[in-house]
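So the structure is just underneath, and the comments pick up after that.
All values below come from the heavy atoms of this structure, side chains included, with hydrogens, waters and symmetry mates left out. Letters A, B, ... are given to chains in the order of the sequence lines, protein chains preceding strands, and every chain is numbered from 1.
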Amino acid sequence: MANRPELLAPPEIFYDETEARKYTSSSRIVDIQAKLSERALELLALPEDGVPRFLLDIGCGSGLSGETISEYGHHWLGLDISASMLNVAVEREVEGDLLLGDMGQGLGLRPGVIDGAISISAVQWLCNADKTSHEPRLRLKAFFGSLYRCLSRGARAVFQVYPENIKQRELILRQALQAGFGGGLVVDYPHSTKKRKEFLVLTCGSVQTSIQTGKNECDEGCSEDDFSEDEESGMVSMSDRNRPRKRQKPNKKGKTREWILRKKEQSRRKGNDVPADSKYTGRKRKSCF
Amino acid sequence: MRLIVHNMLSCNIRGVANKFPLRIEPKKIIVKEVDFNPDFLKHMIAKIDWKALVDGARSMGYTELPDHAPDTTTLESDESFLRKFHHSLLELHLEEGSLVCSETGRKFPVNKGIPNMLLHEDEV
């Protein structure tokens, strides 16, 4: 997106009737939302016993993600701040129940009633102060605190987010930890700017289950950043997405041939046109070059 | 809004002690059929506040539910009970009306089946 919507207007104003219809009728968006919802449901790791569960869809909008939940056979409750988006959901006769509400005010749900929560492209809206009375940190606190309370033990919350920058991601993570969640960040296709997707997978309760590794085009290994609640300081280890993951310090004599070959391979993986490797690659040239 | 959601919703206003349950003031109720799934019902029964469900159903005009929550044997064997539970929990929809906080009297309007739970600035 050229412009991030949350920089243009608060969500209930940005998603007015026209925008709500545009959003829902764009086949590209419908497709992306479906894929993201499927992935989020996968990461929820609900028991595969055929019993439908009761899930929460935070920032459900016009019900695109909710439809995926229904397809998987679960019941759901959707929360959104935009009445226009919810009206589109009603028109589309989604199977879930809908609530008009502000997640930053707290969810207002009884303890332990929710079996799992997903949120597709919504939580980053909490980081903006849309009104003078808003303080993002307090809103995040109210949201995560109330979410933690209403989830049943062992339940998970999976958020697909588009954080604007590292600071925003850290803010979200820190508030989640402080609320008592454990969990990690799962990144799919970390090396591709286009395909890269981030999922925050939060767990609550003492049930320890492993979190899936992120998808990777060439199976290099997991690109998951694990963090767990540290009693003393709630430390989170994060990696800057722009910093290369494996970095070899360039030789004092200049960049080594191995480094060059690795960089070319990375570029090839991204799909760029890269000259073939040969005995001339990385060869020491005359000083006039 | 169905009773399954009503059973989970509490009043979120700051400082309110008696938040749950919200009283239902119905104006329009419709019934939408939902597939009967006993597994889901058995899964949910542990989480449901029975009294709130019975009172909520009564205010929506459904009085067939027993006053006391069933024990596990009834759950397993009595299909007619499960059907009543299913109907009240999942098939009764409040289309228009309001949800009222018992402590403050604040009304949360329900339009097109969607409760408006947005709090005013001074209630947060």
Point to revise | From Phe20(B) atom CZ to Leu109(A) atom CG, the distance as rounded to the nearest 0.5 Å | key: 10.5 Å
Check your understanding: With only heavy atoms counted, which part of Ile13(B) is less than 4.5 Å from chain A, the side chain, the backbone, both or neither?
Key -> neither
Practice item. Give a yes or no on whether Asp35(B) atom CG has more than 12 heavy-atom contacts from other residues, nucleotides or ligands under 6.0 Å away. Key: no
Revision key, fill the gap. Applying a strict 4.5 Å limit to non-hydrogen atoms, the region of Val34(B) in contact with chain A is side chain
Point to revise | Lys19(B) NZ: over 12 foreign heavy atoms closer than 6.0 Å | key: no
**Study point:** Arg106(B) atom CZ: more than 12 heavy-atom contacts under 6.0 Å
**Key:** yes
Check your understanding: What part of Ser146(A) gets closer than 4.5 Å to chain B, counting heavy atoms only: side chain, backbone, both or neither?
Key -> neither
**Study point:** Check: Leu99(A) and Leu9(B) side chains under 4.5 Å, non-hydrogen atoms
**Key:** yes
Exercise for review: Answer with side chain, backbone, both or neither: which region of Asn111(B) has an atom nearer than 4.5 Å to a non-hydrogen atom of chain A?
Suggested key: neither
Check your understanding: Distance-only, no hydrogens or angles: does the Arg2(B) side chain make a donor-acceptor pair with backbone N or O of Asp97(A) under 3.5 Å?
Key -> no
Revision key, fill the gap. Residues at least two apart in sequence or cross-chain that pass ring pair (Phe, Tyr, Trp, His ring centres under 6.0 Å) with Phe143(A), listed by chain then number, are Phe159(A)
Check your understanding: Backbone N or O of Pro52(A) within a donor-acceptor pair of the Asn37(B) side chain at under 3.5 Å?
Key -> no
**Study point:** Arg110(A) CZ to Asn7(B) CG distance, which is reported to the nearest 0.5 Å
**Key:** 5.0 Å
Study note, to complete from the structure: If one checks every heavy atom of Asn116(B) against chain A at 4.5 Å, the contacting part turns out to be both
Practice item. Sort out for me which of Val113(A), Val90(A), Leu107(A) touches chain B most, counting heavy-atom pairs under 4.5 Å. Key: Val113(A)
Practice item. Decide yes or no on side-chain contact (heavy atoms from CB on, under 4.5 Å) for Asp102(A) and Leu119(B), but give the supporting numbers first. Key: CA-CA 8 Å; Asp102(A) 181 351; Leu119(B) 298 176; over 6 Å; no
Exercise for review: Any chance you could measure His43(B), atom NE2, to His75(A), atom NE2, to the nearest 0.5 Å?
Suggested key: 10.0 Å
Revision key, fill the gap. To the nearest 0.5 Å, atom CZ of Arg53(A) lies from atom CE of Met44(B) at 10.5 Å
Exercise for review: Please round to the nearest 0.5 Å and tell me the distance separating atom NZ of Lys112(B) and atom CD of Glu91(A).
Suggested key: 7.0 Å
Practice item. Pick whichever of Leu79(A), Asp115(A), Leu86(A), Val51(A) has the most heavy-atom pairs under 4.5 Å with chain B. Key: Asp115(A)
Review point. Given the options Ile4(B), Val110(B), Val124(B), Ile48(B), which has more heavy-atom pairs under 4.5 Å with chain A than any of the others?
Key: Ile4(B)
Review point. Near Glu123(B) CD, under 6.0 Å, is it more than 12 heavy atoms from other residues, nucleotides or ligands?
Key: yes
Revision key, fill the gap. Separation between CG (Asn87(A)) and CD1 (Ile114(B)), nearest 0.5 Å, reads 5.5 Å
Check your understanding: Would a 4.5 Å heavy-atom cut-off, applied to side chains only, mark Phe54(A) and Met8(B) as touching?
Key -> yes
